Peer 1: 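Take this structure first; my questions come after.
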Protein chains: 2
Amino acid sequence: MNASRTARERVRAELVREITDIARVQLASEGASGLSLRAVAREMGMVSSAVHRYFPTKDDLLTALIVDGYNSVGAAVEDADAAGPPDDFGARWLIVCHAVRNWALARPHEYALIYGSPVPGYRAPEDTIGPASRATTVYGRILGDAHRAGRLSPPDICPPVPPILSTDAEIIRSLMPGVSDDVITRAITAWTGLYGMISFELFGQFNNVVTHRAELFDHNMRGLARFLGLPD
Amino acid sequence: MNASRTARERVRAELVREITDIARVQLASEGASGLSLRAVAREMGMVSSAVHRYFPTKDDLLTALIVDGYNSVGAAVEDADAAGPPDDFGARWLIVCHAVRNWALARPHEYALIYGSPVPGYRAPEDTIGPASRATTVYGRILGDAHRAGRLSPPDICPPVPPILSTDAEIIRSLMPGVSDDVITRAITAWTGLYGMISFELFGQFNNVVTHRAELFDHNMRGLARFLGLPD
DNA sequence: AATCGTCAAGAGCACTGCTCTCGATTTATC
DNA sequence: GATAAATCGAGAGCAGTGCTCTTGACGATT
């Protein structure tokens with residue numbers, strides 16, 4: 001009886017997977033707003049109303065793609081960091097930066113879906129916040145490890161952190177215990193700088209301006225590493 | 001005869017303006033992909049096919065909105081810099097940063113339209129690259145002025161700039177003559193960091209993480225100013 | 001074996017971008 | 001000033017969309 005129920009649920013899970021796979025292909029070629037439930041159904045030899053039984057609304061399908069996207073980039077970042085030298089914190093930061101960029105360049109539409117402008121009318125459900133933090137957790141671990149090893153010494157160039165930011169810092173400190181508020185705000189700068197640079201490249205802001213994008217990215221991430229206080 | 005020709009062209013220009021105005025309102029409430037030519041026509045008491053005579057395709061209307069958006073943020077940045085103290089370069093950078101953020105917070109959908117993920121299938125025509133560079137020109141002028149005044153001394157923390165980036169730097173140097181390649185790459189870091197931070201805030205990446213966003217933004221822009229070598 | 005829930009299919013609604021045609025009006029030319 | 005040409009608004013129409021509702025068949029549960 002248990003097996004029979006799982007039998008039906010298994011085919012359902014299989015269908016869900018197939019739908020998201022086809023939707024991801026369409027996302028890659030058409031973009032988020034060009035995604036069509038009817039086209040997905042057509043591709044599967046289904047009728048459009050049948051797809052609605054698995055994803056009641058288009059937003060639900062988008063949510064599944066967003067969660068998958070966060071998990072995909074999160075896994076890429078985790079794998080990259082795991083394959084790197086555990087004690088070379090500057091290298092780990094660089095490796096992770098390049099992992100995000102390479103992931104984004106390979107799946108520009110998926111990157112746009114999760115880090116670009118939100119789809120209008122779409123409200124991100126809570127299912128996304130867990131997978132969304134996977135990549136961030138890795139950055140935090142790198143900085144936390146560097147701090148614990150006594151190898152995090154940011155240059156003394158920043159103004160003191162306003163006390164009002166301490167409550168926000170407390171949340172982020174759970175990712176990298178023991179670091180100062182100063183390091184936390186620098187981490188946010190580096191982290192937004194990383195995604196800002198990728199977004200500029202992917203969204204066309206570098207057109208007619210920057211041609212050697214990989215080299216510029218690498219160099220600027222090295223600069224941010226120094227700003228963070230990571231060793232060479 | 002000249003006046004009569006302008007008579008018709010004047011009403012045409014008026015209609016074009018009215019269409020873009022209504023479209024901008026719809027953009028603010030529905031977002032880029034929710035923009036509808038039929039809805040604009042309905043709002044004007046026109047029939048949808050009449051709107052197509054002024055904007056043959058939806059992309060053409062989007063292009064007009066994009067150009068207007070770039071000009072709007074460009075003008076905001078120019079005005080903010082013009083109203084600031086000409087010789088306090090650190091203050092000018094901060095003022096400009098806040099001008100961009102305030103502009104973006106007031107028009108999140110317009111910001112998303114020009115700095116967010118590109119509308120799928122939309123190909124930006126060349127009309128946009130002029131207005132797009134207005135804001136960037138102001139950053140360049142601030143750094144160029146600071147350099148000319150001998151007040152730009154970036155901290156010596158970054159690795160040397162790879163020679164291959166020199167050709168790219170040449171283009172950007174036209175905005176701020178005389179500065180070194182090192183300053184130029186730092187400028188790109190600061191500039192992408194500025195927009196990366198605003199995008200993270202607007203696109204929901206700070207949800208459940210950062211609450212005091214204005215203060216964090218101000219503090220991080222001050223940190224980037226130090227990274228750039230701007231005086232306190 | 002009967003029943004209840006799940007499923008694919010189809011019709012249909014309201015909407016979209018876009019094209020075409022048709023008169024009417026305005027502009028330009030002779 | 002009359003006439004030819006360009007422009008305009010309106011309407012119908014096409015192909016496509018998300019989504020809802022109903023119908024009939026299948027399979028699992030009691």
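Just so it is clear, the values below take in all heavy atoms, side chains as well, and ignore hydrogens, waters and symmetry mates. Computed from a prediction, not measured in an experiment: that's the story for all the values here. In what follows, chains are A, B, ... by sequence order, proteins preceding strands, each numbered from 1.
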Peer 1: Taking the nucleotide of DNA chain D with the nearest heavy atom to each, does B/Val47 or A/Ser36 sit closer to the 5' end?
Peer 2: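 The residue whose closest nucleotide sits nearer the 5' end is B/Val47.
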Peer 1: Mark yes or no: A/Arg213 above the aromatic ring of A/Phe206, with NZ or CZ under 6.0 Å from the six-membered ring centre and no more than 45 degrees from the axis.
Peer 2: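 That pair does not qualify as a cation-pi contact.
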Peer 1: What is the distance, to the nearest angstrom, from the CD atom on A/Glu18 to the P atom on C/dA8?
Peer 2: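 The answer, rounded to whole Å, is 11 Å.
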Peer 1: In whole angstrom, give the distance that lies between atom CZ of A/Phe55 and atom P of D/dC19.
Peer 2: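 Result: 13 Å.
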Peer 1: Going by ring pair (Phe, Tyr, Trp, His ring centres under 6.0 Å), B/Tyr115 matches just one of B/Phe200, B/Phe203, B/Tyr195. Which one?
Peer 2: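 It is B/Tyr195, the one option of B/Phe200, B/Phe203, B/Tyr195 that forms the ring pair (Phe, Tyr, Trp, His ring centres under 6.0 Å) with B/Tyr115.
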Peer 1: Counting heavy atoms from C-beta on, name the nucleotide in C/dC18, D/dC19, C/dA8 closest to the side chain of A/Met46.
Peer 2: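 Side chain of A/Met46 sits closest to C/dA8.
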Peer 1: Among the nucleotides C/dG10, C/dA8, D/dA10, which one has an atom lying closest to any side-chain atom of A/Ala50?
Peer 2: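 In terms of side-chain proximity for A/Ala50, the closest of C/dG10, C/dA8, D/dA10 is C/dA8.
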Peer 1: Ignoring hydrogens and angles, answer whether the base of D/dG9 and the side-chain atoms of B/Arg53 contain a donor-acceptor pair closer than 3.5 Å.
Peer 2: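 A donor-acceptor contact between them is present.
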Peer 1: Round to the nearest Å and state the distance from B/Lys58 atom NZ to C/dT16 atom C1'.
Peer 2: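 Those two atoms, NZ and C1', are 8 Å apart.
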Peer 1: Could you check which of D/dG16, D/dC19, C/dC7 has an atom nearest any side-chain atom of A/Tyr54?
Peer 2: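 Between D/dG16, D/dC19, C/dC7, the one nearest the side chain of A/Tyr54 would be C/dC7.
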Peer 1: If you take atom types as modelled and just measure distance, does the side chain of B/Ser49 reach the base of D/dA10 with a donor-acceptor pair under 3.5 Å?
Peer 2: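 Answer yes: a donor N or O sits under 3.5 Å from an acceptor.
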Peer 1: So B/Thr57, base contact, sugar-phosphate only, or nothing? Heavy-atom distance under 4.0 Å.
Peer 2: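 Sugar-phosphate, no base atom in range.
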Peer 1: Is it true that a side-chain atom of B/Asn71 and a backbone atom of B/Pro131 form a donor plus acceptor pair closer than 3.5 Å?
Peer 2: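 Between the backbone of B/Pro131 and the side chain of B/Asn71 there is no qualifying donor-acceptor contact (under 3.5 Å).
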Peer 1: Check the distance between C/dC7's P and A/Ile19's CD1 and give it to me in whole angstrom.
Peer 2: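 It works out to 11 Å between those atoms.
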Peer 1: State, to 0.1 Å, how close A/Ile171 and B/Asn208 come at their nearest heavy-atom pair, and which atoms those are.
Peer 2: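 Closest approach of A/Ile171 to B/Asn208, heavy atoms only: CG2-O, 4.5 Å.
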Peer 1: For B/Glu30 and D/dG18, give me the distance from atom CD to atom P, rounded to whole Å.
Peer 2: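 So the CD-P distance, B/Glu30 to D/dG18, works out to 17 Å.
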Peer 1: Within the side chain of B/Arg134, is there an N or O that forms a donor-acceptor pair under 3.5 Å with the backbone of B/Val73?
Peer 2: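 No, because the side chain of B/Arg134 does not come within donor-acceptor range (under 3.5 Å) of the backbone of B/Val73.
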Peer 1: Base, sugar-phosphate, or nothing for A/Leu15, non-hydrogen atoms under 4.0 angstrom?
Peer 2: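 The answer is nothing, as A/Leu15 stays clear of every strand by at least 4.0 Å.
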Peer 1: Using whole Å, report how far CZ of A/Arg10 lies from P of C/dT6.
Peer 2: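 Interatomic distance, CZ of A/Arg10 to P of C/dT6: 19 Å.
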Peer 1: Among the nucleotides C/dT16, D/dA10, C/dC7, which one has an atom lying closest to any side-chain atom of A/Arg12?
Peer 2: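 Given the options C/dT16, D/dA10, C/dC7, the side chain of A/Arg12 is closest to C/dC7.
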Peer 1: Between atom NE2 in B/His52 and atom C1' in C/dC18, what is the gap in whole Å?
Peer 2: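 Checked: the NE2 to C1' distance equals 5 Å.
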Peer 1: Distance check needed: C/dA8 P versus A/Arg38 CZ, whole Å only.
Peer 2: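 Going from CZ in A/Arg38 over to P in C/dA8 covers 16 Å.
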